[in-house]
**Student:** 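Quick one: the structure is below, questions incoming.
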Amino acid sequence: MTPVIPGMHPDPSVCRVGDDYYLVCSSFEYFPGIPVFHSRDLVNWTQLGNALDRTSQLLLTAETPSSAGIYAPTLRHHDGRFWLIVTSVSHGGGNMVFTATDPAGPWSDPIPLPDVGGIDPDLAWDDEGNCWCTVAGVSQYRIDLATGETLGEPARLWSGTPGAKAPEAPHLYRIGEYWYLMIAEGGTERGHGVSIARGPAPDGPFEPCPANPILSHRSTDEPVQNTGHADLVQGPDGAWWMVLLGVRPGGGTPGWHVLGRETFLAPVSWVDGWPVVGELRSGPVAAVSERDDFDGSELRPCWISVRDRSSRHCTTEERSGWLTLHARGSGVDDPAVVFAGRRQQHLSCRARTLLDPAEGSGGLAVRFDEEHHYEIEVASGEARVLARIGPLRTVVASRSIAAGPVVLGVQVDQARELRDARSGPDTISFGIEESDGTFTVLATLDGRYLSTEVAGGFTGRVIGVYAATGTVHFDWFDYVA
């Protein structure tokens with residue numbers, strides 16, 4: 001089973017305008033924030049851009065930890081405009097709204113909602129034009145989107161199954177004669193699920209569906225787990241669909257997922273006024289081969305950096321046809337400090353880059369967070385493979401290399417057979433491409449240590465290039481799966 005949007009694309013929210021579907025996801029500590037996708041069939045998606053691509057929209061400071069930042073956006077189209085509401089878990093953050101006439105951008109600067117607490121905000125409008133904002137918990141506010149002010153006091157709503165933890169990800173819909181309140185509950189781990197209630201008005205009262213949860217893979221052997229945080233959309237043919245997050249754990253016990261939470265799709269039918277969710281639909285399975293020669297004035301939308309992307313530190317215009325990274329200091333332990341990468345989107349894949357380290361040191365990294373990353377780094381005529389796992393950092397292997405540009409590579413191989421219950425989900429091999437085109441592996445590392453089950457948090461792997469000291473140039477980067 002493959003996702004419709006693989007890799008770290010959690011908390012999907014979708015809306016339709018005519019024959020076009022648009023979808024957004026959480027982006028956490030990465031900049032630019034909130035990837036925006038387009039589709040005509042809900043299966044094949046193309047990234048249009050990122051909604052938050054300016055520091056006036058998204059300011060992530062050095063104190064913003066991994067798995068903080070941008071949480072759970074909701075995307076809606078109303079009165080001729082696109083509306084995007086989101087929580088920023090960072091300095092000066094909180095809940096805020098952005099608008100655009102074109103989902104590809106540009107998006108406005110934020111409209112702060114200082115009196116709206118909580119996370120996972122949703123927007124819905126009634127026939128009288130009132131705008132209702134519902135947040136995890138579950139609480140609801142009536143708000144003035146022009147000013148960001150709340151109108152009246154917040155109200156507590158139906159909060160899911162008694163005894164189930166973490167009622168979150170609320171979405172409110174007017175469908176037929178009822179208002180439906182759909183939430184996630186059970187936590188975003190293996191107990192995750194989707195439940196729903198309905199009532200006569202946007203503020204209830206709500207009666208729960210007798211078949212709740214309407215979707216959950218908890219306590220099953222389904223290959224996709226942690227299913228939840230869903231959103232509903234109706235197609236132009238009248239059919240209903242659900243987008244949701246899920247993970248693909250691999251290896252032995254307890255299972256390790258490495259790509260983060262991904263976006264899946266399921267059909268929805270209606271029985272006696274309640275939604276019935278069908279089996280997950282598989283996404284595209286064709287081979288992928290993507291190469292970036294850094295010929296544009298800006299990086300493509302799939303490229304992300306940690307917390308910011310200043311042109312002083314990351315540019316394609318300093319050396320034509322190359323990506324240039326300038327390290328902020330010397331001896332930086334975390335390669336993500338000056339980093340540009342793309343989400344790992346496949347359980348097995350390969351990435352390579354041509355690096356010129358003449359003015360500094362840097363290389364190719366697989367990043368999970370500041371304390372969990374592997375990389376191959378070139379400096380002073382030596383290539384070395386480094387591993388950072390929690391408080392430990394070590395040189396795993398090294399080799400002398402000739403001066404000048406060098407091709408570095410990383411190969412991720414999904415585990416096909418389990419040696420024992422502790423078998424990891426994959427292996428990650430780092431090496432150098434020789435002058436004759438052969439690939440020499442310097443070290444192969446266990447993929448478990450770059451997984452959510454080890455590192456914790458809400459993110460997944462990102463593969464990319466970095467500068468640790470000085471200035472490093474990259475001629476191209478390719479990703480094959």
Side-chain angles (χ1 to χ4, degrees), residues 11-24 39 41-42 72-85 120-136 138-143 155 157-161 167-185 193-216 227-245 264-281:
D11 310 326
S13 179
V14 64
C15 71
R16 179 179 64 86
V17 181
D19 293 329
D20 298 286
Y21 299 94
Y22 301 98
L23 184 146
V24 295
S39 177
D41 61 8
L42 290 169
T74 293
L75 178 66
R76 295 292 181 256
H77 186 264
H78 174 74
D79 200 21
R81 297 187 66 82
F82 290 91
W83 300 83
L84 183 63
I85 187 169
D120 299 0
D122 174 72
L123 290 178
W125 290 263
D126 62 25
D127 292 340
E128 287 71 43
N130 296 306
C131 181
W132 302 88
C133 176
T134 311
V135 297
V138 174
S139 296
Q140 188 180 77
Y141 303 77
R142 192 162 61 92
I143 60 175
L157 303 182
W158 174 77
S159 294
T161 306
E168 57 191 4
H171 287 307
L172 186 66
Y173 314 91
R174 174 69 180 269
I175 303 172
E177 61 180 304
Y178 292 108
W179 285 85
Y180 289 84
L181 176 61
M182 189 170 71
I183 69 168
E185 57 182 355
V194 178
S195 293
I196 198 166
R198 68 187 184 191
D203 55 351
F206 291 98
E207 60 165 325
C209 175
N212 280 334
I214 60 172
L215 172 68
S216 181
T227 50
H229 204 117
D231 199 4
L232 293 173
V233 67
Q234 186 179 25
D237 61 353
W240 284 87
W241 297 88
M242 173 184 284
V243 295
L244 65 144
L245 67 77
F264 290 84
L265 176 71
V268 174
S269 58
W270 292 84
V271 178
D272 296 329
W274 294 108
V276 177
V277 184
E279 297 293 322
L280 300 186
R281 295 292 176 89

**Student:** For Arg281, which residues count as a salt bridge (charged side-chain N to carboxylate O under 4.0 Å, His left out) partner, sequence neighbours excluded?
**Tutor:** none
**Student:** List in chain and number order the residues that pass side chain to side chain contact (heavy atoms under 4.5 Å, CB included) with Ala230, two or more places apart in sequence or in another chain; answer none if no residue qualifies.
**Tutor:** Met182, Val194, Met242, Leu244
**Student:** Would you please test Thr227 and Phe264 for side-chain contact (heavy atoms from CB on, under 4.5 Å) and show each step?
**Tutor:** CA-CA 9 Å; Thr227 50; Phe264 290 84; over 6 Å; no
**Student:** When you compare the side chain of Trp158 with that of Leu181, does any pair of heavy atoms fall below 4.5 Å?
**Tutor:** yes
**Student:** Nearest heavy-atom pair of Pro202 and Trp132: which atoms, and what distance?
**Tutor:** CG-NE1, 3.5 Å
**Student:** Which heavy-atom pair separates Ile183 from Gly160 by the least distance, and what is that distance?
**Tutor:** CD1-CA, 3.6 Å
**Student:** Could you walk me through whether Leu157 and Phe206 pass the side-chain contact (heavy atoms from CB on, under 4.5 Å) test, one step at a time?
**Tutor:** CA-CA 8 Å; Leu157 303 182; Phe206 291 98; 4.2 Å; yes
**Student:** Locate the shortest heavy-atom distance separating Pro213 from Ser216; write the atom from each residue and the value.
**Tutor:** CG-CB, 4.1 Å
**Student:** Any pair with a residue in residues 197-215 that passes side-chain hydrogen bond (donor to acceptor under 3.5 Å, both in side chains), sequence neighbours left out, goes on the list, sorted by first then second residue, please.
**Tutor:** Arg198-Glu207
**Student:** Quick check against the 3.5 Å criterion: does Glu168 have a side-chain atom that pairs as donor or acceptor with the backbone of Val135?
**Tutor:** no
**Student:** side-chain contact (heavy atoms from CB on, under 4.5 Å) with Cys15: which of Leu23, Thr74, Leu75, Asp20?
**Tutor:** Leu75
**Student:** Please examine the side chains of Ile214 and Cys209, heavy atoms only from C-beta on, and report whether any two atoms are closer than 4.5 Å.
**Tutor:** yes
**Student:** What residues, two or more places apart in sequence or in another chain, satisfy ring pair (Phe, Tyr, Trp, His ring centres under 6.0 Å) together with Trp240?
**Tutor:** Trp270
**Student:** Side-chain contact, heavy-atom cut-off 4.5 Å: Arg174 with Asp127?
**Tutor:** yes
**Student:** Taking salt bridge (charged side-chain N to carboxylate O under 4.0 Å, His left out) as the definition, give me every residue that meets it alongside Asp126, ordered by chain and number, with sequence neighbours left out.
**Tutor:** none
**Student:** Out of curiosity, Tyr180 OH to Leu172 CG, how far, rounded to the nearest 0.5 Å?
**Tutor:** 12.0 Å
**Student:** At their closest point, which heavy atom of Ala266 faces which heavy atom of Gly278, and how far apart are they?
**Tutor:** CB-O, 3.8 Å
**Student:** Are the side chain of Ser159 and the backbone N or O of Val138 linked by a donor-acceptor pair below 3.5 Å?
**Tutor:** yes
**Student:** With rounding to the nearest 0.5 Å, note down the distance linking SG in Cys133 to CG in Leu123.
**Tutor:** 6.0 Å
**Student:** With Tyr22, which residues qualify under ring pair (Phe, Tyr, Trp, His ring centres under 6.0 Å), at least two apart?
**Tutor:** His38, Phe82
**Student:** Can any side-chain N or O of Tyr173 pair as donor or acceptor with the backbone N or O of Leu232 at less than 3.5 Å?
**Tutor:** yes
**Student:** Just to verify, what does Pro236 make a side chain to side chain contact (heavy atoms under 4.5 Å, CB included) with, not counting sequence neighbours?
**Tutor:** Arg16, Asp19, Tyr21
**Student:** Can you list everything that forms a side chain to side chain contact (heavy atoms under 4.5 Å, CB included) with Ala72? Sequence neighbours excluded, please.
**Tutor:** Asp11, Ser26, Asp120, His229
**Student:** Roughly how far, to the nearest 0.5 Å, is OG1 of Thr134 from CG of Asp122?
**Tutor:** 5.5 Å
**Student:** Minimum heavy-atom separation for Pro73 and Ser13, please, with both atom names.
**Tutor:** O-CB, 3.3 Å
**Student:** Return the set of residues passing side chain to side chain contact (heavy atoms under 4.5 Å, CB included) with Ser269 (not counting sequence neighbours), or none when no residue passes.
**Tutor:** Val276
**Student:** Does Asp79 have any salt bridge (charged side-chain N to carboxylate O under 4.0 Å, His left out) partners at least two apart in sequence or in another chain, and if so, which?
**Tutor:** none
**Student:** For the atom pair CG (Leu42) and CG (Leu265), what is the distance rounded to the nearest 0.5 Å?
**Tutor:** 5.5 Å
**Student:** Are His78 and Trp83 an aromatic pair by the rule of ring centers under 6.0 Å?
**Tutor:** no
**Student:** Kindly write out the residues that satisfy side-chain hydrogen bond (donor to acceptor under 3.5 Å, both in side chains) with Glu185, not counting sequence neighbours, or none if the list is empty.
**Tutor:** Thr161, Ser195
**Student:** Report the residues that fulfil salt bridge (charged side-chain N to carboxylate O under 4.0 Å, His left out) with Asp231, sequence neighbours left out, ordered by chain and then residue number.
**Tutor:** Arg76
